[in-house]
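Before any comments, here is the structure.
Since the structure is predicted, the reported quantities are computational estimates derived from the model, not experimental observations.
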Amino acid sequence: MNASFEQLSGIIRKRRSVKPADMNGVSIDNGLVRQLLELADWAPTHARTEPWRFAVYEGKSKKRFCLDHAELYRAHTSSDKFMQGKYDKLKEQADTLSHIIVVYMKRTPGATIPVEEELAAVAAATQNLLLGAAALNIAALWSTGGMTHHPAMKTYLGMAPEDIVMGLLFLGYTDKPLPPAKRNIPLAEKIRWQ
């Protein structure tokens, strides 16, 4: 079998989601994060609209983002649904991870490309980044928790109404072993040979 395919296959199968609580607080060099963003930029995109955008938070800005995220949760959650533990978790996530990258889809003005194709392009860019992280032994989690999809997050980020937040990428390092690989549904049940 082709060595490049084997290497790529190994990286894809190695990729895991690692929660911020399992990260150790060690910082990733910004140069490595830039390299991951460069991989993301090579995603497929219909008509080369390149709709992926990334807001990168590290250091003090990462702590500020986590505090602001927690405050958005407090401000936009009714008292009967507000959970102090969730607020604290959002606020303290910065303590264990290195970088937060907000991934969003920037809709091309006057685009005739269906929005689903733009979302797929951003998801492909995100997967490129996650696979690069796995290759570099960087722990990562693509999260849609907290206020990620709330309109208040779009306002906070200064996004246009037609733009869409796709998630928060938490990056860091971990000392814990990665969980074993598993799939819940057998591949044969996902394929129809015609």
Open item on the list: Less than 3.5 Å apart, any donor N or O on the side chain of Asn2 or Glu6 sitting next to an acceptor on the other?
Closed with: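 Asn2 vs Glu6: no donor-acceptor pair found between side chains.
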Gap separating the [atom1] atom of [X] from the [atom2] atom of [Y], nearest 0.5 angstrom:
| X | Y | atom1 | atom2 | result |
| --- | --- | --- | --- | --- |
| Cys66 | Phe170 | SG | CZ | 6.5 Å |
| Leu130 | Arg15 | CG | CZ | 6.0 Å |
| Leu129 | Trp142 | CG | CH2 | 10.0 Å |
| Tyr73 | Met153 | OH | CE | 13.5 Å |
| Leu168 | Leu90 | CG | CG | 9.5 Å |

Can you pull the salt bridge (Lys or Arg N to Asp or Glu O under 4.0 Å) pairs that have at least one residue in [range], sequence neighbours excluded?
| range | answer |
| --- | --- |
| residues 53-71 | Lys63-Asp95, Arg64-Asp68, Glu71-Arg74 |
| residues 107-123 | Arg107-Glu118 |
| residues 181-194 | none |

All N/O donor-acceptor pairs, side-chain side in residues 121-128, below 3.5 Å, sequence neighbours left out:
| from | atom 1 | to | atom 2 | distance (Å) |
| --- | --- | --- | --- | --- |
| Thr126 | OG1 | Val122 | O | 2.9 |
| Asn128 | ND2 | Leu39 | O | 3.1 |

- [ ] Check whether any side-chain heavy atom of Glu50 lies under 4.5 Å from a side-chain heavy atom of Trp52, and answer yes or no.
- [x]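 They are in contact (side-chain heavy atoms under 4.5 Å apart), so the answer is yes.
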Open item on the list: Between Val165 and Leu157, is there a side-chain heavy-atom distance shorter than 4.5 Å?
Closed with: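 A side-chain contact exists here, since the closest heavy-atom pair is under 4.5 Å.
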- [ ] Run through Leu131, Ile138, Ile101, Leu169 and flag the one making a side-chain contact (heavy atoms from CB on, under 4.5 Å) with Leu36.
- [x]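 Among Leu131, Ile138, Ile101, Leu169, the one that satisfies the side-chain contact (heavy atoms from CB on, under 4.5 Å) with Leu36 is Ile138.
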- [ ] Indicate the atoms forming the closest heavy-atom contact of Ala40 with Phe54, along with that distance.
- [x]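 Scanning both residues, the minimum pair turns out to be CB-CZ, 3.6 Å.
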Task: Pairs touching residues 20-32 that satisfy side chain to side chain donor-acceptor pair (under 3.5 Å), sequence neighbours left out - done: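 Passing the test, one end in residues 20-32: Asp22-Lys176, Asn24-Asp175, Asn30-His99.
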TODO: Give every residue pair that meets the side chain to side chain donor-acceptor pair (under 3.5 Å) criterion with at least one member in residues 143-154, sequence neighbours excluded.
DONE: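 Residue pairs passing side chain to side chain donor-acceptor pair (under 3.5 Å), neighbours aside: none found.
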Open item on the list: If the condition is side-chain hydrogen bond (donor to acceptor under 3.5 Å, both in side chains), which residues does Thr77 pass it with, not counting sequence neighbours?
Closed with: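 Result, side-chain hydrogen bond (donor to acceptor under 3.5 Å, both in side chains) vs Thr77: none returned.
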Open item on the list: Which residues pass the side-chain hydrogen bond (donor to acceptor under 3.5 Å, both in side chains) test with Ser78, not counting sequence neighbours?
Closed with: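 If we apply the side-chain hydrogen bond (donor to acceptor under 3.5 Å, both in side chains) test to Ser78, skipping adjacent residues, the hits are Asp80.
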Open item on the list: Run the salt bridge (Lys or Arg N to Asp or Glu O under 4.0 Å) test against Arg16 and tell me which residues pass, sequence neighbours left out.
Closed with: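 By the salt bridge (Lys or Arg N to Asp or Glu O under 4.0 Å) rule, Arg16 matches no residue at all.
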Report the residues that fulfil ring pair (Phe, Tyr, Trp, His ring centres under 6.0 Å) with [X], sequence neighbours left out, ordered by chain and then residue number.
| X | result |
| --- | --- |
| Tyr173 | none |
| His46 | none |
| Tyr104 | none |

Task: Aromatic ring proximity, centroids under 6.0 angstrom, Phe65 and His69 - done: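 Between Phe65 and His69, which both carry aromatic rings, the centre distance is below 6.0 Å.
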- [ ] Step through the shown structure and confirm whether more than 12 heavy atoms of other residues, nucleotides or ligands are within 6.0 Å of CD on Glu162.
- [x]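 Counting other residues, nucleotides and ligands, CD of Glu162 exceeds 12 neighbours.
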